[in-house]
Peer 1: 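The structure that follows is given in the form of structure tokens.
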Amino acid sequence: MDDAARFGVLLTVAYVGTRFSGFARQPHARTVQGELEGAVRAVDPNASLVRGASRTDAGVHARAQRVAFDASLDIPSRGWVLSLSRHAGDEIAIVSAARVAPGWDPRDHAVKKTYRYTIFPSEVRDPFLRHRSWRVPERLNHDLMRREAEALLGQHDFRAFRSAMDARTETVRTIFRAAVDTAADDPRLVVVEVVGDRFLHRMMRIIAGTLVDVGRGRLEPGAVRRALSTLERSDLGMTAPPDGLCLHALELDDEGSDKWPDH
């Protein structure tokens, strides 16, 4: 496709990740990226592969994933939203579309990510919260969890807060907000919200698991500070399951112009 005939498109996408093997495309597995590429190619067979800003794990949800691709068709933003929605399936929503330069990659422009992890402290199941929260049967000490979360703030080497599959050598990250609150719409739920510039593989799930283990008395308080000092994964708690995790917001340094020609 000639560069002169290419049109960069930036999408905001929401999805329920329960039945996906994560965001990133994989051979012989159903992924969010793969489904989006199928929807894009159904509308524009000459479009490029899609480029995502964040790789969410299997079972993890998103309210504001950012995805870009290059199209050969010059379609207005509303046209992209409606046409892609017809092909994306019920588990994926195309929230908005904006124009960007061809080849523009949202991964290079992500400056702040907000993750929310929802915990349901209850001995009794609620089927309406299945796959949307982590049900913890023990009572949680919220004050201990809040104090533990405060140690995350600032710039640190988060080497201990990653899975064994993460081989990156640069592990310094900045956390702008780390809060533990009762959900505004359901007082039964506890929400851990962490805002950072970047995250390591399973970093948010390790944070959530550690806060819960401190809150239910399985881990001594001060675990976060110890791990930031020793850089040892063994100083932290369990890796929380993916069900309660959601990529809530993703801020880019360039949101696209959304200046589409009249048709």
Side-chain angles (χ1 to χ4, degrees), residues 15-23 54-63 65 113-153 156 158-166 171 173 175 177-183 186 188-196 198-228 232-249:
Y15 50 84
V16 175
T18 304
R19 296 172 58 195
F20 291 106
S21 297
F23 176 82
S54 185
R55 294 187 175 189
T56 53
D57 290 341
V60 174
H61 318 297
R63 287 188 176 275
Q65 175 70 278
K113 297 179 183 180
T114 300
Y115 280 100
R116 287 184 178 175
Y117 195 100
T118 302
I119 303 154
F120 178 36
S122 175
E123 295 182 356
V124 181
R125 295 182 180 88
D126 183 335
F128 294 99
L129 294 174
R130 187 168 180 259
H131 301 310
R132 303 293 193 279
S133 65
W134 175 20
R135 186 175 68 84
V136 177
E138 298 97 335
R139 186 183 299 273
L140 299 177
N141 186 321
H142 297 181
D143 289 336
L144 280 181
M145 293 173 68
R146 290 188 183 101
R147 288 199 291 271
E148 195 69 28
E150 289 174 358
L152 295 163
L153 295 172
H156 305 283
F158 283 95
R159 193 178 313 172
F161 295 75
R162 61 174 176 173
S163 75
M165 293 182 286
D166 193 332
T171 52
R173 302 290 185 268
I175 299 300
R177 172 176 165 80
V180 179
D181 294 303
T182 301
D186 190 336
R188 299 175 301 165
L189 303 179
V190 177
V191 177
V192 177
E193 181 176 282
V194 179
V195 183
R198 294 169 296 157
F199 287 77
L200 296 163
H201 186 236
R202 295 190 179 166
M203 177 174 163
M204 184 61 196
R205 289 169 58 187
I206 292 171
I207 288 173
T210 298
L211 297 183
V212 166
D213 278 351
V214 169
R216 62 184 170 182
R218 291 189 184 180
L219 192 64
E220 284 295 316
V224 169
R225 292 192 187 279
R226 287 193 296 274
L228 291 174
E232 293 292 336
R233 173 68 180 88
S234 57
D235 284 325
L236 297 168
M238 67 175 290
T239 300
D243 307 64
L245 183 56
C246 180
L247 175 59
H248 184 76

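All residue numbers refer to positions in the sequence shown, counting from 1. Worth saying up front: this structure is predicted, and the values here are computed from it rather than measured. Side chains are part of it too, since the values below use all heavy atoms of this structure and drop only hydrogens, waters and symmetry mates.
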Peer 1: Is a donor on one side and an acceptor on the other found under 3.5 Å between the side chain of S133 and the backbone of R135?
Peer 2: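 Side chain of S133 to backbone of R135: no pair is present.
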Peer 1: Roughly how far apart are L236 CG and L219 CG, rounded to 0.5 Å?
Peer 2: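 It is 7.5 Å, given to the nearest 0.5 Å.
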Peer 1: In chain order, what residues pass the ring-ring contact (aromatic ring centres under 6.0 Å, His included) check against F120, with sequence neighbours excluded?
Peer 2: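 Counting only residues at least two positions away or on another chain, F120 forms no ring-ring contact (aromatic ring centres under 6.0 Å, His included).
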Peer 1: Does either side chain, that of H201 or that of S163, offer a donor lying less than 3.5 Å from an acceptor on the other one?
Peer 2: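 Short answer, yes.
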Peer 1: From D213 CG over to M238 CE, what is the distance, rounded to the nearest 0.5 angstrom?
Peer 2: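 Output value for this atom pair is 6.5 Å.
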Peer 1: Roughly how far apart are M165 CE and L200 CG, rounded to 0.5 Å?
Peer 2: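 It comes to 12.5 Å.
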Peer 1: Does atom CZ of R225 have more than 12 heavy-atom neighbours, drawn from other residues, nucleotides or ligands, at distances under 6.0 Å?
Peer 2: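 Counting other residues, nucleotides and ligands, CZ of R225 stays at 12 neighbours or fewer.
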Peer 1: Please say whether more than 12 non-hydrogen atoms of neighbouring residues, nucleotides or ligands are located less than 6.0 Å from CZ in R188.
Peer 2: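 Atom CZ in R188 is crowded, with more than 12 foreign heavy atoms closer than 6.0 Å.
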Peer 1: If I take atom CZ from residue F199 and atom CG from residue D166, how far apart are they, to the nearest 0.5 angstrom?
Peer 2: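 If I round to the nearest 0.5 Å, the distance is 13.5 Å.
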Peer 1: So how far is it from D235 CG to T210 OG1, rounded to the nearest 0.5 Å?
Peer 2: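 Reported to 0.5 Å precision, the distance equals 10.0 Å.
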Peer 1: So, does E148 use its side chain to make a donor-acceptor pair with the main chain of G222 at under 3.5 Å?
Peer 2: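 Yes, the answer is positive, given that a donor and an acceptor are paired below the 3.5 Å cut-off.
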Peer 1: Taking the side chain as everything from C-beta on, heavy atoms only, tell me whether R202 gets closer than 4.5 Å to D57.
Peer 2: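 Yes - at least one pair of side-chain heavy atoms lies under 4.5 Å apart.
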Peer 1: Check whether any side-chain heavy atom of L247 lies under 4.5 Å from a side-chain heavy atom of V60, and answer yes or no.
Peer 2: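 L247 vs V60: side chains apart.
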Peer 1: Go through I119 and M145 one step at a time and tell me if the side chain to side chain contact (heavy atoms under 4.5 Å, CB included) criterion holds.
Peer 2: CA-CA 12 Å; I119 303 154; M145 293 173 68; 4.2 Å; yes
Peer 1: Between R198 and M203, is any pair of side-chain heavy atoms under 4.5 Å apart?
Peer 2: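 In short, these two side chains do not touch, never coming nearer than 4.5 Å.
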Peer 1: Please walk me through it: do L140 and V212 pass side chain to side chain contact (heavy atoms under 4.5 Å, CB included)?
Peer 2: CA-CA 7 Å; L140 299 177; V212 166; 4.2 Å; yes
Peer 1: Mark yes when over 12 heavy atoms from residues, nucleotides or ligands other than R146 sit less than 6.0 Å from its CZ; otherwise mark no.
Peer 2: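 It does: R146 CZ has more than 12 such atoms within range.
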Peer 1: Output the distance between atom CZ (R177) and atom CG (L152), rounded to the nearest 0.5 Å.
Peer 2: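 The CG atom of L152 is 12.5 Å from CZ of R177, to the nearest 0.5 Å.
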Peer 1: List for me each residue that meets ring-ring contact (aromatic ring centres under 6.0 Å, His included) alongside F23, sequence neighbours excluded, and say none if there are none.
Peer 2: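 Per chain and number, F23 pairs via ring-ring contact (aromatic ring centres under 6.0 Å, His included) with no residue.
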Peer 1: Can you check whether H131's main-chain N or O pairs, donor with acceptor, with H61's side chain at less than 3.5 Å?
Peer 2: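 Here the side-chain-to-backbone pair exists.
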Peer 1: So, using ring-ring contact (aromatic ring centres under 6.0 Å, His included) as the criterion, who are the partners of F161 when residues are at least two apart?
Peer 2: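 Partners of F161 by the ring-ring contact (aromatic ring centres under 6.0 Å, His included) criterion, ordered by chain and then number, come out as F158.
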Peer 1: Within the structure provided, determine whether L245 and Y117 are in side-chain contact (heavy-atom separation under 4.5 Å).
Peer 2: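 In contact.
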Peer 1: Heavy atoms only: give me the nearest V224-A151 pair and the separation to one decimal.
Peer 2: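 Closest approach of V224 to A151, heavy atoms only: CG1-CB, 3.6 Å.
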Peer 1: Between R233 and T239, does any side-chain donor sit less than 3.5 Å from a side-chain acceptor?
Peer 2: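 Present: a donor and an acceptor within the cut-off.
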Peer 1: Are any non-hydrogen side-chain atoms of D243 and R130 less than 4.5 angstrom apart?
Peer 2: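 Heavy-atom side-chain distance check fails, nothing below 4.5 Å.
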Peer 1: Any idea which heavy atoms bring P221 and V214 closest together, and the distance?
Peer 2: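 Looking at all heavy atoms of both residues, the closest pair is CA-CG1, 4.2 Å.
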Peer 1: Do the side chains of T118 and C246 get nearer than 4.5 Å, heavy atoms only?
Peer 2: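 The answer is no; the side chains never approach within 4.5 Å.
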Peer 1: Please report the C-alpha distance between E193 and D181 in whole Å, then the side-chain angles of each, then the deciding distance to 0.1 Å, and finally whether the side chain to side chain contact (heavy atoms under 4.5 Å, CB included) criterion is met.
Peer 2: CA-CA 8 Å; E193 181 176 282; D181 294 303; over 6 Å; no
Peer 1: Is there a salt bridge (Lys or Arg N to Asp or Glu O under 4.0 Å) between R226 and E220 once you walk through the steps?
Peer 2: CA-CA 10 Å; R226 287 193 296 274; E220 284 295 316; over 6 Å; no
Peer 1: Would you say that R218 contacts E138 through its side chain, given a criterion of any heavy-atom pair below 4.5 Å between the two side chains?
Peer 2: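 Answer yes - side chains close enough.
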